[in-house]
Amino acid sequence: MRIATWNVNSVRQRLPHLLDYLGKAAPDVLCLQELKCVDDAFPRAEIEAAGYRSAVHGQKGFNGVAILTRAEPLEVRIGLPGDEGDVQSRYIEAVMAGPAGPVRVASIYLPNGNPPDTDKFPYKLGFMDRLIRRASELIQAEDCFVLAGDYNVIPEPRDAYDAAAWTGDALFLPDTRRRFRTLLNLGLTEAVRATTDAAGVYSFWDYQAGAWQKDRGIRIDHLLLSPRAADRLRSAAIDKHVRAADKPSDHVPVRIDLG
DNA sequence: ATGGCAGCCCGAGGCTGA
């Protein structure tokens, strides 16, 4: 089973790239973030013509997450437990049938949290606390699951071109990274780091300052695997070439293959 | 040279993102 995650930075702007990716990478499950549209504006028909169903949690103008699947999900769940009253669309889960039993997949758009001296930062940390609780529940239930998405977390210095430049940024502050480690310490495996120790492996390059041309990126899109999913991990890859397209997203897809 | 972008909104520049 191939599972990918991609922050598309507007699904309507990125529709040609998205359809191209579905055709070429042929994921069984594709988690999307930053749809930037309401459910009714989601290009469901075009995606269906490409052979995929869409579970969508949209929002006007900002945020928005979806899970595209070849097969019909056994179950879809919108929102993180505990975020009732939160108007931001940042979390959706789908449970897929698989040869080795069901796999639960979450598409996550974790808040950016900048500037850190505003209420945006505690909102980010609160979201992470709810995500930790959800992951903990699923671990205890011994689910096979993958938490995929734009975490807006630079886990370690080697995950940034210039880590010093990120000191004090919500993506790299100790409170943020501590919670990311708490998540891992539940027993989750970060897929890319399970397959390479290399520095300079990025999933995001800013539109500004020629960041792409200079390969000044950061790695903030992650797939976290439960123990049962990690046992089945065959490979992980970042589709860096996607960033070189015309009018690209500032993020590229990250994908895994489970046996 | 230390800045350089790209979406959204219901229509222009302000907000947001990372």
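Proteins come first, then strands; the chains are lettered A, B, ... in the order of their sequence lines, and each starts at number 1.
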Does a side-chain heavy-atom distance below 4.5 Å link A/Pro115 with A/Lys120? yes
So what does [X] touch, heavy atoms closer than 4.0 Å: a base, only the sugar-phosphate, or nothing?
X: A/Asn152; answer: sugar-phosphate
X: A/Gln13; answer: sugar-phosphate
X: A/Asp221; answer: nothing
X: A/Asn63; answer: nothing
X: A/Tyr109; answer: sugar-phosphate
X: A/Arg216; answer: nothing

Quick one: ring-ring contact (aromatic ring centres under 6.0 Å, His included) partners of A/Trp212, sequence neighbours excluded? A/Trp205
Please name all residues satisfying ring-ring contact (aromatic ring centres under 6.0 Å, His included) with A/Tyr161, sequence neighbours left out, ordered by chain then number. none
Side-chain donor-acceptor contacts of residues 135-147 of chain A below 3.5 Å, not counting sequence neighbours, with atom names and distances?
| unit_1 | atom_1 | unit_2 | atom_2 | d |
| --- | --- | --- | --- | --- |
| A/Glu137 | OE1 | A/Arg134 | NH1 | 2.7 |
| A/Asp143 | OD2 | A/Arg104 | NE | 2.9 |
| A/Asp143 | OD2 | A/Arg104 | NH2 | 3.4 |

Write down the protein N/O and nucleotide N/O pairs, taken from nucleotides 9-16 of chain B, whose separation is under 3.5 Å; answer none if there are no such pairs.
| unit_1 | atom_1 | unit_2 | atom_2 | d |
| --- | --- | --- | --- | --- |
| B/dC10 | OP2 | A/Lys60 | NZ | 3.3 |

Take A/Ile220 and A/Gly210, find for each the nucleotide of DNA chain B with the closest heavy atom, and name the residue whose nucleotide sits nearer the 5' end. A/Gly210
For A/Leu35 and A/Asp150, find the nucleotide of DNA chain B closest to each by heavy atoms; which residue's nucleotide sits nearer the 5' end? A/Leu35
Given B/dG7, is OP1 or OP2 found less than 4.0 Å from the side-chain N or O atoms of A/Arg14? yes
Can you list everything that forms a side-chain hydrogen bond (donor to acceptor under 3.5 Å, both in side chains) with A/Tyr202? Sequence neighbours excluded, please. none
Which nucleotide wins on minimum distance to the side chain of A/Leu171, given the candidates B/dG17, B/dC8, B/dA18? B/dA18
Which residues satisfy the salt bridge (Lys or Arg N to Asp or Glu O under 4.0 Å) test with A/Asp215, sequence neighbours excluded? A/Lys240
